[in-house]
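Working notes, structure below.
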Amino acid sequence: MESLVRAVNRLDEVVAKGEKCALIALVAVMSIIVFLQVFYRYLLAQPLQWSEELARYVFAWISLLGAAFSVRTHGHFGVDFFFRKLPSGGRRILKILIHFSMGTVIVVLLFQGTLLVLKTAAQRSPAMEISMGWAYACVPVGAALMFIHLVSILLRETEKGTHSS
């Protein structure tokens with residue numbers, strides 16, 4: 001079990017580093033696209049036809065990759081007022097319910113996102129004429145990354161629970 005936990009934790013770390021690099025690159029790309037969009041539209045009076053569409057797709061990827069990274073860092077919003085008021089047994093049960101709920105949503109996103117990509121793969125985007133599958137792929141990719149992070153969290157918490165007993 002310990003070797004599985006170490007392997008999943010290592011995968012989790014590698015995935016998180018990849019997410020960080022991808023997020024930095026995508027934010028830089030989005031900044032450049034938006035700057036060019038403003039520059040061409042207002043200073044040259046020649047708006048770029050593709051820039052708004054690309055910025056929208058890059059933003060979607062940033063959102064889903066950021067959501068995945070936030071699962072790892074517990075960075076999502078939460079109200080822990082009641083959680084802190086619960087006894088340790090109640091906290092444990094609530095944590096299990098939260099993780100189960102997250103897992104359910106992630107699996108649905110992964111499954112439905114994959115179906116969406118398959119359904120839209122032949123469709124072309126209006127301005128750039130790329131496959132819409134690329135634009136929608138952020139949903140199953142983000143969900144898969146969230147799943148890896150959630151499994152890592154669950155294994156760490158399970159390992160903590162077995163060592164404290």
Side-chain angles (χ1 to χ4, degrees), residues 1-33 54-123 125 130-165:
M1 180 72 169
E2 285 183 39
S3 62
L4 173 66
V5 172
R6 268 188 263 122
V8 172
N9 284 339
R10 180 70 186 129
L11 174 63
D12 184 53
E13 289 173 21
V14 169
V15 166
K17 285 179 184 175
E19 287 168 348
K20 277 184 192 177
C21 292
L23 285 165
I24 290 167
L26 288 172
V27 168
V29 166
M30 182 148 173
S31 299
I32 291 167
I33 293 167
L54 182 57
R56 186 174 35 244
Y57 300 151
V58 170
F59 182 74
W61 275 91
I62 290 169
S63 299
L64 271 294
L65 290 179
F69 189 74
S70 290
V71 168
R72 182 178 197 269
T73 61
H74 304 280
H76 291 285
F77 290 111
V79 180
D80 65 345
F81 176 77
F82 295 112
F83 183 80
R84 286 185 280 136
K85 298 285 185 193
L86 291 173
S88 63
R91 287 182 191 170
R92 186 166 172 76
I93 291 169
L94 185 56
K95 263 188 177 181
I96 290 168
L97 289 172
I98 289 168
H99 291 321
F100 178 76
S101 300
M102 285 176 62
T104 302
V105 170
I106 289 168
V107 168
V108 169
L109 278 173
L110 183 59
F111 181 72
Q112 292 297 324
T114 302
L115 291 178
L116 181 63
V117 169
L118 294 173
K119 286 179 183 176
T120 59
Q123 183 183 347
S125 68
I130 61 169
S131 168
M132 288 302 295
W134 287 108
Y136 291 121
C138 62
V139 176
V141 169
L145 297 172
M146 287 180 215
F147 187 78
I148 291 169
H149 295 314
L150 184 61
V151 167
S152 179
I153 289 167
L154 291 172
L155 286 173
R156 279 194 305 269
E157 288 183 4
T158 301
E159 189 178 49
K160 266 194 261 181
T162 58
H163 288 308
S164 65
S165 300

Legend entry - Side-chain donor-acceptor contact under 3.5 Å, Arg92 with Ser88: no
message: Quick one: does any side-chain atom of Ser152 pair with a main-chain N or O of Ile148 as donor and acceptor, under 3.5 Å?
response: no
Taking every heavy atom of Thr120 against every heavy atom of Tyr136, the minimum-distance pair comes out as OG1-CD1, 3.4 Å
To the nearest 0.5 Å, atom NZ of Lys20 lies from atom CG of Leu65 at 14.0 Å
CG (Asp12) and NZ (Lys17) are apart, to the nearest 0.5 Å, by 11.0 Å
> Near Arg10 CZ, under 6.0 Å, is it more than 12 heavy atoms from other residues, nucleotides or ligands?
Replying inline: no
- Looking at side-chain heavy atoms only, is the closest gap between His74 and Ile153 below 4.5 Å? yes
Distance col, row Met146:CE vs Leu64:CG, nearest 0.5 angstrom, shows 5.5 Å
Rounded to the nearest 0.5 Å, the CG atom of Leu116 sits from the CZ atom of Phe111 at a distance of 12.0 Å
Verdict with reasoning, Gln112 to Val139, per side chain to side chain contact (heavy atoms under 4.5 Å, CB included):
CA-CA 9 Å; Gln112 292 297 324; Val139 176; over 6 Å; no
Between the OH atom in Tyr57 and the CD1 atom in Ile62, the distance rounded to the nearest 0.5 Å is 15.0 Å
Using a cut-off of 6.0 Å, state whether more than 12 heavy atoms not belonging to Phe83 lie near its atom CZ.
yes
Smallest heavy-atom separation, Val117 atom then Pro140 atom, equals CG2-CG, 3.9 Å
